[in-house]
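To start, the structure itself, in C-alpha coordinates.
The sequence lines fix the lettering, A, B, ..., with proteins before strands; numbering per chain opens at 1. Keep in mind that what you see is a predicted model, and the values were worked out from it rather than measured.
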Protein chains: 2
Amino acid sequence: MSNSKLYKGSLTTIILKLLNESDKMYGYEITQKVKALTNGELKITEGALYPALHKLEAEGLLDVEVKKVDNRLRKYYKLTENGEKETTNKLNELANYISTMQALVNPKLSLE
Amino acid sequence: MSNSKLYKGSLTTIILKLLNESDKMYGYEITQKVKALTNGELKITEGALYPALHKLEAEGLLDVEVKKVDNRLRKYYKLTENGEKETTNKLNELANYISTMQALVNPKLSLE
DNA sequence: TTCTTATGCATAATAATCTTAGGTATTATT
DNA sequence: AATAATACCTAAGATTATTATGCATAAGAA
(Lines give C-alpha, C1' and ligand atoms only; values in the text may rest on other atoms or scores of the structure.)
Protein backbone atom coordinates (compact mmCIF):
# COMPACT_ATOMS: atom_id res chain seq x y z
CA MET A 1 0.00 0.00 0.00
CA SER A 2 1.36 3.38 -0.86
CA ASN A 3 0.49 7.04 -0.44
CA SER A 4 -0.27 7.24 3.25
CA LYS A 5 0.85 5.80 6.54
CA LEU A 6 -2.68 6.08 7.80
CA TYR A 7 -3.66 3.00 5.87
CA LYS A 8 -1.42 0.85 8.02
CA GLY A 9 -3.44 -1.99 9.44
CA SER A 10 -6.33 -1.83 7.02
CA LEU A 11 -4.95 -4.05 4.26
CA THR A 12 -6.32 -7.21 5.84
CA THR A 13 -9.76 -5.63 6.13
CA ILE A 14 -9.67 -4.64 2.47
CA ILE A 15 -8.68 -8.12 1.32
CA LEU A 16 -11.34 -9.85 3.38
CA LYS A 17 -14.06 -7.46 2.28
CA LEU A 18 -13.26 -7.85 -1.42
CA LEU A 19 -13.20 -11.63 -1.14
CA ASN A 20 -16.50 -11.50 0.69
CA GLU A 21 -18.05 -9.79 -2.32
CA SER A 22 -16.31 -11.57 -5.15
CA ASP A 23 -16.24 -15.15 -3.91
CA LYS A 24 -12.71 -15.81 -5.19
CA MET A 25 -9.92 -13.55 -6.39
CA TYR A 26 -6.22 -13.75 -7.15
CA GLY A 27 -3.57 -11.35 -5.94
CA TYR A 28 -3.03 -9.27 -9.01
CA GLU A 29 -6.78 -8.98 -9.42
CA ILE A 30 -7.04 -7.53 -5.94
CA THR A 31 -4.50 -4.82 -6.70
CA GLN A 32 -6.40 -3.82 -9.83
CA LYS A 33 -9.78 -3.90 -8.12
CA VAL A 34 -8.57 -1.64 -5.32
CA LYS A 35 -7.05 0.78 -7.81
CA ALA A 36 -10.33 0.89 -9.74
CA LEU A 37 -12.58 1.29 -6.71
CA THR A 38 -10.50 4.15 -5.34
CA ASN A 39 -9.86 5.88 -8.67
CA GLY A 40 -6.14 5.22 -8.36
CA GLU A 41 -6.06 6.74 -4.91
CA LEU A 42 -4.89 3.57 -3.21
CA LYS A 43 -2.25 1.32 -4.72
CA ILE A 44 -1.56 -1.92 -2.95
CA THR A 45 2.07 -2.90 -3.27
CA GLU A 46 2.94 -6.50 -3.95
CA GLY A 47 5.44 -6.50 -1.11
CA ALA A 48 2.54 -5.91 1.26
CA LEU A 49 -0.13 -7.94 -0.48
CA TYR A 50 1.48 -11.32 -0.94
CA PRO A 51 2.79 -11.69 2.61
CA ALA A 52 -0.65 -10.61 3.85
CA LEU A 53 -2.37 -13.27 1.74
CA HIS A 54 0.04 -15.92 2.96
CA LYS A 55 -0.58 -14.93 6.54
CA LEU A 56 -4.36 -15.04 6.16
CA GLU A 57 -4.02 -18.48 4.61
CA ALA A 58 -1.79 -19.66 7.45
CA GLU A 59 -4.37 -18.41 9.92
CA GLY A 60 -7.04 -20.48 8.22
CA LEU A 61 -9.05 -17.51 6.99
CA LEU A 62 -8.39 -18.17 3.31
CA ASP A 63 -8.25 -21.22 1.09
CA VAL A 64 -6.11 -21.34 -2.05
CA GLU A 65 -6.62 -22.91 -5.42
CA VAL A 66 -3.95 -22.69 -8.10
CA LYS A 67 -5.02 -22.39 -11.70
CA LYS A 68 -3.17 -21.99 -14.95
CA VAL A 69 -4.62 -19.39 -17.30
CA ASP A 70 -2.87 -18.52 -20.58
CA ASN A 71 0.12 -20.50 -19.39
CA ARG A 72 0.41 -18.25 -16.33
CA LEU A 73 -0.25 -19.17 -12.72
CA ARG A 74 -3.03 -17.70 -10.73
CA LYS A 75 -3.58 -18.37 -7.06
CA TYR A 76 -7.23 -17.94 -6.30
CA TYR A 77 -8.10 -17.14 -2.73
CA LYS A 78 -11.46 -17.52 -1.09
CA LEU A 79 -12.81 -17.09 2.41
CA THR A 80 -13.11 -20.04 4.75
CA GLU A 81 -15.91 -20.16 7.27
CA ASN A 82 -13.65 -18.54 9.85
CA GLY A 83 -12.65 -16.05 7.21
CA GLU A 84 -16.26 -14.94 6.86
CA LYS A 85 -16.58 -14.44 10.58
CA GLU A 86 -13.36 -12.49 10.69
CA THR A 87 -14.59 -10.31 7.83
CA THR A 88 -17.53 -9.27 9.96
CA ASN A 89 -15.24 -8.54 12.88
CA LYS A 90 -12.86 -6.48 10.79
CA LEU A 91 -15.63 -4.45 9.23
CA ASN A 92 -17.05 -3.72 12.67
CA GLU A 93 -13.62 -2.68 13.85
CA LEU A 94 -13.27 -0.35 10.88
CA ALA A 95 -16.66 1.26 11.45
CA ASN A 96 -15.72 1.65 15.08
CA TYR A 97 -12.36 3.15 14.23
CA ILE A 98 -13.95 5.67 11.91
CA SER A 99 -16.51 6.80 14.46
CA THR A 100 -13.85 7.02 17.15
CA MET A 101 -11.64 9.15 14.95
CA GLN A 102 -14.55 11.39 14.11
CA ALA A 103 -15.26 11.83 17.80
CA LEU A 104 -11.67 12.95 18.26
CA VAL A 105 -11.25 15.05 15.19
CA ASN A 106 -14.69 16.49 14.86
CA PRO A 107 -16.34 16.19 18.28
CA LYS A 108 -19.18 18.57 17.38
CA LEU A 109 -20.14 16.55 14.34
CA SER A 110 -20.23 13.28 16.25
CA LEU A 111 -22.82 14.66 18.65
CA GLU A 112 -25.37 15.16 15.91
CA MET B 1 -2.70 3.20 21.68
CA SER B 2 -4.56 0.02 22.34
CA ASN B 3 -7.50 -1.98 21.05
CA SER B 4 -6.86 -2.06 17.34
CA LYS B 5 -4.08 -2.19 14.81
CA LEU B 6 -6.23 0.00 12.62
CA TYR B 7 -5.26 3.01 14.64
CA LYS B 8 -1.66 2.61 13.56
CA GLY B 9 -0.51 5.81 11.95
CA SER B 10 -3.18 8.05 13.38
CA LEU B 11 -1.54 8.98 16.68
CA THR B 12 0.26 11.95 15.18
CA THR B 13 -2.98 13.24 13.69
CA ILE B 14 -4.70 12.94 17.06
CA ILE B 15 -1.96 14.80 18.89
CA LEU B 16 -1.85 17.61 16.37
CA LYS B 17 -5.61 18.02 16.32
CA LEU B 18 -5.91 18.18 20.10
CA LEU B 19 -3.13 20.75 20.33
CA ASN B 20 -4.80 22.74 17.62
CA GLU B 21 -7.89 23.03 19.81
CA SER B 22 -6.34 23.41 23.24
CA ASP B 23 -3.41 25.71 22.53
CA LYS B 24 -1.04 23.84 24.84
CA MET B 25 -1.19 20.44 26.51
CA TYR B 26 1.13 18.07 28.34
CA GLY B 27 1.52 14.39 27.66
CA TYR B 28 -0.51 12.95 30.47
CA GLU B 29 -3.26 15.43 29.74
CA ILE B 30 -3.44 14.16 26.16
CA THR B 31 -3.91 10.56 27.29
CA GLN B 32 -6.78 11.60 29.57
CA LYS B 33 -8.41 13.83 26.98
CA VAL B 34 -8.39 11.04 24.41
CA LYS B 35 -9.83 8.60 26.89
CA ALA B 36 -12.61 11.06 27.75
CA LEU B 37 -13.44 11.99 24.17
CA THR B 38 -13.71 8.35 23.13
CA ASN B 39 -15.49 7.10 26.25
CA GLY B 40 -12.54 4.92 27.13
CA GLU B 41 -12.53 3.35 23.68
CA LEU B 42 -9.05 4.53 22.82
CA LYS B 43 -6.21 4.43 25.32
CA ILE B 44 -2.96 5.99 24.27
CA THR B 45 -0.01 4.15 25.76
CA GLU B 46 2.89 6.15 27.09
CA GLY B 47 5.35 4.05 25.13
CA ALA B 48 3.73 5.36 21.97
CA LEU B 49 2.92 8.88 23.09
CA TYR B 50 6.22 10.18 24.42
CA PRO B 51 8.36 9.06 21.49
CA ALA B 52 5.74 10.56 19.17
CA LEU B 53 5.88 13.90 20.99
CA HIS B 54 9.66 13.91 20.87
CA LYS B 55 9.61 13.20 17.18
CA LEU B 56 7.14 15.99 16.45
CA GLU B 57 9.31 18.35 18.44
CA ALA B 58 12.43 17.24 16.56
CA GLU B 59 10.61 17.88 13.30
CA GLY B 60 9.84 21.41 14.38
CA LEU B 61 6.09 20.91 14.58
CA LEU B 62 5.89 21.36 18.36
CA ASP B 63 7.49 23.67 20.90
CA VAL B 64 8.04 22.62 24.51
CA GLU B 65 7.84 24.50 27.76
CA VAL B 66 8.62 22.78 31.04
CA LYS B 67 6.67 23.79 34.13
CA LYS B 68 6.61 22.61 37.70
CA VAL B 69 3.16 22.13 39.16
CA ASP B 70 2.68 20.69 42.64
CA ASN B 71 6.35 19.82 42.68
CA ARG B 72 5.89 17.66 39.57
CA LEU B 73 7.18 18.32 36.08
CA ARG B 74 4.91 19.00 33.16
CA LYS B 75 6.11 19.41 29.62
CA TYR B 76 3.67 21.58 27.78
CA TYR B 77 3.59 21.20 24.03
CA LYS B 78 2.17 23.64 21.55
CA LEU B 79 2.01 23.85 17.78
CA THR B 80 4.59 25.82 15.85
CA GLU B 81 3.59 27.56 12.65
CA ASN B 82 4.67 24.51 10.67
CA GLY B 83 2.79 22.39 13.14
CA GLU B 84 -0.42 24.20 12.29
CA LYS B 85 0.11 23.62 8.59
CA GLU B 86 0.85 19.96 9.19
CA THR B 87 -2.31 19.67 11.26
CA THR B 88 -4.33 20.75 8.25
CA ASN B 89 -2.52 18.25 6.05
CA LYS B 90 -3.03 15.39 8.48
CA LEU B 91 -6.72 16.13 8.89
CA ASN B 92 -7.15 16.21 5.14
CA GLU B 93 -5.31 12.90 4.88
CA LEU B 94 -7.59 11.40 7.50
CA ALA B 95 -10.76 12.61 5.79
CA ASN B 96 -9.40 11.25 2.55
CA TYR B 97 -8.52 7.93 4.12
CA ILE B 98 -11.99 7.56 5.57
CA SER B 99 -13.72 8.29 2.28
CA THR B 100 -11.38 5.91 0.47
CA MET B 101 -12.11 3.13 2.92
CA GLN B 102 -15.82 3.74 2.60
CA ALA B 103 -15.51 3.48 -1.17
CA LEU B 104 -13.84 0.10 -0.70
CA VAL B 105 -15.95 -1.28 2.05
CA ASN B 106 -19.30 0.16 1.17
CA PRO B 107 -19.16 1.08 -2.55
CA LYS B 108 -22.91 1.51 -2.81
CA LEU B 109 -23.02 4.01 0.02
CA SER B 110 -20.23 6.09 -1.43
CA LEU B 111 -22.15 6.60 -4.65
CA GLU B 112 -24.93 8.45 -2.88
C1' DT C 1 0.96 4.92 58.69
C1' DT C 2 1.67 2.09 55.12
C1' DC C 3 0.06 0.62 50.72
C1' DT C 4 -2.07 1.57 46.47
C1' DT C 5 -3.62 4.60 42.92
C1' DA C 6 -3.03 8.64 40.28
C1' DT C 7 0.00 11.87 38.25
C1' DG C 8 3.99 12.72 35.24
C1' DC C 9 8.03 11.76 32.74
C1' DA C 10 11.07 8.35 30.11
C1' DT C 11 13.42 4.32 27.43
C1' DA C 12 14.39 -0.48 25.56
C1' DA C 13 13.07 -4.95 23.55
C1' DT C 14 9.95 -6.89 20.70
C1' DA C 15 6.18 -7.26 17.25
C1' DA C 16 3.49 -5.94 13.31
C1' DT C 17 2.98 -3.75 9.08
C1' DC C 18 4.46 -1.49 5.25
C1' DT C 19 7.95 0.44 1.47
C1' DT C 20 11.52 -0.27 -1.46
C1' DA C 21 14.06 -2.99 -4.19
C1' DG C 22 15.03 -6.70 -6.06
C1' DG C 23 13.92 -11.56 -8.62
C1' DT C 24 11.49 -14.95 -12.17
C1' DA C 25 8.45 -15.85 -16.05
C1' DT C 26 4.78 -15.37 -19.75
C1' DT C 27 1.85 -12.54 -22.90
C1' DA C 28 0.61 -8.33 -25.32
C1' DT C 29 1.80 -4.10 -27.41
C1' DT C 30 4.66 -0.81 -29.82
C1' DA D 1 13.14 -6.17 -30.62
C1' DA D 2 11.96 -3.71 -26.67
C1' DT D 3 8.70 -2.42 -23.37
C1' DA D 4 4.51 -2.84 -20.72
C1' DA D 5 1.23 -5.70 -18.59
C1' DT D 6 0.25 -9.82 -16.20
C1' DA D 7 1.40 -12.91 -12.26
C1' DC D 8 3.92 -14.72 -8.65
C1' DC D 9 7.64 -14.16 -4.84
C1' DT D 10 11.15 -12.62 -0.96
C1' DA D 11 14.44 -9.76 1.82
C1' DA D 12 16.28 -5.47 3.93
C1' DG D 13 14.98 -1.58 6.11
C1' DA D 14 11.72 1.96 8.10
C1' DT D 15 7.90 3.15 10.86
C1' DT D 16 4.83 2.69 14.41
C1' DA D 17 2.99 0.53 18.04
C1' DT D 18 2.88 -2.85 22.45
C1' DT D 19 4.80 -4.46 26.47
C1' DA D 20 7.69 -4.07 30.15
C1' DT D 21 10.35 -1.52 32.71
C1' DG D 22 12.22 2.54 35.52
C1' DC D 23 12.05 6.92 38.42
C1' DA D 24 9.54 10.28 41.28
C1' DT D 25 5.73 12.93 43.79
C1' DA D 26 0.88 13.45 45.57
C1' DA D 27 -3.44 11.75 47.07
C1' DG D 28 -6.44 8.44 49.02
C1' DA D 29 -7.57 4.07 51.27
C1' DA D 30 -6.72 0.42 54.64
Exercise for review: Output yes when at least one side-chain N/O atom of A:N71 is less than 4.0 Å from OP1 or OP2 of C:dT27, else no.
Suggested key: yes
Practice item. Check DNA chain D against residues 24-32 of chain B and give the residues with a non-hydrogen atom under 4.0 Å, in numerical order. Key: none
Check your understanding: Under 6.0 Å from the six-membered ring centre of A:Y26 and within 45° of its axis: does the NZ or CZ of A:K75 meet both?
Key -> no
Point to revise | Closest to side chain of A:R72, choosing from C:dG8, C:dT27, D:dC9 | key: C:dT27
Study note, to complete from the structure: Atom NZ of B:K75 and atom C1' of C:dT11 are separated, to the nearest Å, by 13 Å
Review point. Under 3.5 Å, is there a donor-acceptor pair linking the side chains of A:E41 and B:N96?
Key: yes
Check your understanding: Is the shortest heavy-atom distance from the side chain of A:Y77 to the side chain of A:D63 under 4.5 Å?
Key -> no
Point to revise | Residue pair A:D23 / A:K78: nearest heavy atoms and the distance that separates them | key: O-CB, 3.4 Å
**Study point:** CA sep, side-chain torsions, deciding dist, call: A:E29, A:K33, salt bridge (Lys or Arg N to Asp or Glu O under 4.0 Å)
**Key:** CA-CA 6 Å; A:E29 187 184 9; A:K33 181 80 172 180; over 6 Å; no
Give me, pair by pair, the N or O atoms of the protein and of nucleotides 10-12 of chain D that are less than 3.5 Å apart, along with how far apart they are.
unit_1	atom_1	unit_2	atom_2	d
D:dT10	OP2	A:H54	ND1	3.4

Check your understanding: Can you check the B:L56 CG to D:dA17 P distance for me, whole Å?
Key -> 10 Å
Practice item. Could you pull out the closest heavy-atom pair between B:A48 and B:L11, with the gap in Å? Key: O-CD2, 3.7 Å
Review point. Looking at side-chain heavy atoms only, is the closest gap between B:L79 and B:L16 below 4.5 Å?
Key: yes
Exercise for review: Among the candidates D:dT16, C:dG8, C:dT27, find the nucleotide nearest to the side-chain atoms of B:K55.
Suggested key: D:dT16
Point to revise | Distance (rounded to the nearest 0.5 Å) between B:K43 NZ and B:T45 OG1 | key: 12.0 Å
